[in-house]
There are 2 protein chains.
Amino acid sequence: MTTLMLMRPLFHPSIEGITVEGILHALSDPVRVAIYTDIVAQQCSQNCSTFLTVSDKTIPKSTLSQHFRALREAGLIRGEWHGVEMHNTSRCAEIEQRFPGLIRAIVNAHAIQSAGEARAKKPVARRPTKRAAANK
Amino acid sequence: MTTLMLMRPLFHPSIEGITVEGILHALSDPVRVAIYTDIVAQQCSQNCSTFLTVSDKTIPKSTLSQHFRALREAGLIRGEWHGVEMHNTSRCAEIEQRFPGLIRAIVNAHAIQSAGEARAKKPVARRPTKRAAANK
DNA sequence: TTCAATAGTTCGGGAATATAGAACTATTGA
DNA sequence: TCAATAGTTCTATATTCCCGAACTATTGAA
């Protein structure tokens, strides 16, 4: 006799149930924030398997599933089944109502950081210093 | 022969070393965000023992010490020894330069949430509904 | 100088949380 | 009916968090 695995329904918090701590915790993970900013950027919904690799790193799908759950239960995204696949949309309009400016500030800060990292990684995009030119 | 405990110097990240993830993670804890908002509110510095109780809950001082370290190493506060006690000041001006609007949005969101919780807890501050009045 | 008091840190182990492989569910299309 | 696909749940391991106990470091008083 084997214990059965049941597929429980998705949980989404109400607007009042959404907390700042929950949002910050959910977005304090690099994989989750990458997923979330992508979902926000594409107004259209994004499904799980779009993110099997995040910034050149392969994410196991069980881990991905947990990340999506974390985002969902923090109230950041809404997921709904369309046949065998899930459609995810951001709830940023609702959150904007409860916590004005919060999501925008976080997404913006993340963009600034990513831009900085990209600049640091690709020195070709930078005007080389005299010293660097001499070392070449 | 006992292994000795050494008191290593405080670490503070440089501005470039501060990350969004780090900030969000540090502020995703209710105790830490309470400490931080207090330090931001009082421009003057706050020492550890001010926070032995946070929202009617006693926090052990070892735990508090860890929380202060987390805030420090996320780049949110700067701590410096003044004799036997530590003075903590917020680094929000620096962070504002790197991630404009981020801290303000988070502190503001937290204030909104706290106000909502306070309203929910003290029904006297709310105009009672007819139904509530009838049940009285 | 010595010692007690004070403020905070570090250590260690138990609790909670995160990661990821394997097995599973549920839907679709052939 | 069945294989393929998309995602979830289970489980074991790894990491992180919490807090009591022991410790460091400074100050002020005897």
Side-chain angles (χ1 to χ4, degrees), chain A residues 1-12 19 21-22 24-35 39 45-55 57-74 77-89, chain B residues 1-12 19 21-22 24-35 39 45-55 57-74 77-89:
Chain A
M1 178 210 170
T2 56
T3 56
L4 86 163
M5 254 184 190
L6 95 139
M7 210 85 152
R8 34 199 117 133
L10 304 177
F11 171 72
H12 295 95
T19 65
E21 293 94 324
L24 298 195
H25 177 253
L27 296 181
S28 70
D29 179 274
V31 173
R32 282 195 296 263
V33 82
I35 293 170
I39 292 176
S45 52
Q46 293 279 67
N47 65 348
C48 240
S49 51
T50 314
F51 301 97
L52 285 171
T53 71
V54 170
S55 57
K57 227 190 113 218
T58 303
I59 313 290
K61 64 177 185 167
S62 64
T63 306
L64 261 187
S65 177
Q66 302 281 59
H67 283 319
F68 273 87
R69 186 155 83 100
L71 290 170
R72 235 175 14 240
E73 302 195 343
I77 64 176
R78 187 178 295 284
E80 47 183 331
W81 288 106
H82 274 248
V84 75
E85 70 185 26
M86 181 127 70
H87 283 208
N88 296 290
T89 49
Chain B
M1 176 210 171
T2 56
T3 56
L4 86 162
M5 254 182 190
L6 95 139
M7 210 85 151
R8 32 200 119 131
L10 304 179
F11 170 73
H12 294 96
T19 66
E21 294 94 325
L24 298 195
H25 177 253
L27 296 181
S28 70
D29 179 274
V31 173
R32 282 195 295 262
V33 82
I35 292 171
I39 291 176
S45 53
Q46 292 278 68
N47 64 348
C48 239
S49 51
T50 314
F51 301 97
L52 285 171
T53 71
V54 170
S55 60
K57 229 191 111 218
T58 303
I59 314 290
K61 65 177 186 168
S62 63
T63 305
L64 261 187
S65 177
Q66 303 279 57
H67 283 319
F68 273 87
R69 186 153 83 101
L71 290 170
R72 236 179 8 244
E73 301 195 344
I77 64 174
R78 188 178 295 283
E80 47 185 330
W81 288 107
H82 275 249
V84 76
E85 70 186 26
M86 181 127 70
H87 283 207
N88 296 290
T89 50

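So you know, we letter chains A, B, ... as the sequences are listed, proteins then strands, and number each from 1.
Contact annotation: the side chain of B/N88 approaches that of B/M86 to within less than 4.5 Å [non-hydrogen atoms, C-beta and beyond]. Under the 4.5 Å side-chain criterion, counting only non-hydrogen atoms from C-beta, A/R69 is not in contact with A/H67. Using a 4.5 Å heavy-atom threshold, the side chains of B/R32 and A/E21 count as separate. Looking at A/T53 and A/I59, their side chains never come closer than 4.5 Å, going by heavy atoms from C-beta outward. A/I35 is not listed as a side-chain neighbour of A/T50, based on a closest heavy-atom distance of 4.5 Å or more.
Looking at heavy-atom distances under 4.0 Å, B/L64 makes no contact with the nucleic acid at all. Heavy atoms of A/R69 sit nowhere under 4.0 angstrom from any nucleic acid atom.
Listed in residue order, the members of residues 80-88 of chain B having a heavy atom less than 4.0 Å from DNA chain C are B/W81, B/V84, B/E85, B/M86.
If B/M7 and B/R32 are placed on DNA chain D by their nearest nucleotide, the residue sitting closer to the 5' end is B/R32. The residue among B/F68 and A/P60 whose nearest nucleotide of DNA chain C is located toward the 5' end is B/F68.
In this structure, the NZ atom of B/K61 is 18 Å from the P atom of D/dC18, given to the nearest Å. Between B/F11 atom CZ and C/dG8 atom C1' the separation is 20 Å, expressed in whole Å. With rounding to whole Å, A/L6 atom CG is found 8 Å from C/dA26 atom P. The CD-P distance, from A/Q66 to D/dA12, rounds to 16 Å in whole Å. Between the CD atom of A/E73 and the P atom of C/dT17 there is a distance of 13 Å, given to the nearest Å. When the P atom of D/dG20 is taken as reference, atom CD1 of B/I59 falls 11 Å away, rounded to whole Å.
At the phosphate of D/dC19, neither OP1 nor OP2 sits under 4.0 Å from any side-chain N or O atom of B/H67. Within the 4.0 Å cut-off from OP1 or OP2 of D/dG7, not a single side-chain nitrogen or oxygen of A/S65 is found.
Among the nucleotides D/dC10, D/dC18, C/dT19, the one closest to any side-chain atom of A/R8 is D/dC10. The nucleotide whose nearest atom lies closest to any side-chain atom of A/M5 is, among C/dT25, D/dC19, C/dT19, C/dT25. Out of C/dA18, C/dT19, D/dT8, the shortest distance to the side chain of A/L10 is found at D/dT8.
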Original post:
In dot-bracket notation, what is the pairing pattern of DNA chain C, taking Watson-Crick (N1-N3 plus N6-O4 or O6-N4) and G-U wobble (N1-O2 and O6-N3) contacts under 3.5 Å, with [ ] crossing and | for other strands?
Top reply: ||||||||||||||||||||||||||||||
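B/A34 and B/V54 get closest at one heavy-atom pair: CB-CG1, 3.7 Å.
With sequence neighbours excluded, no residue forms a side chain to side chain donor-acceptor pair (under 3.5 Å) with A/R72.
Judged purely by distance below 3.5 Å, without hydrogens or angles, the side chains of B/H12 and B/R78 never pair a donor atom with an acceptor atom.
With hydrogens and angles left out, the side chain of A/S62 and the base of C/dG21 share a donor-acceptor pair within 3.5 Å.
Using cut-offs of 30° and 60° on the angle between ring planes, the pair A/F51 and A/F68 is tilted.
Going from atom OG1 of B/T89 over to atom CD1 of B/I77 covers 8.0 Å, rounded to the nearest 0.5 Å.
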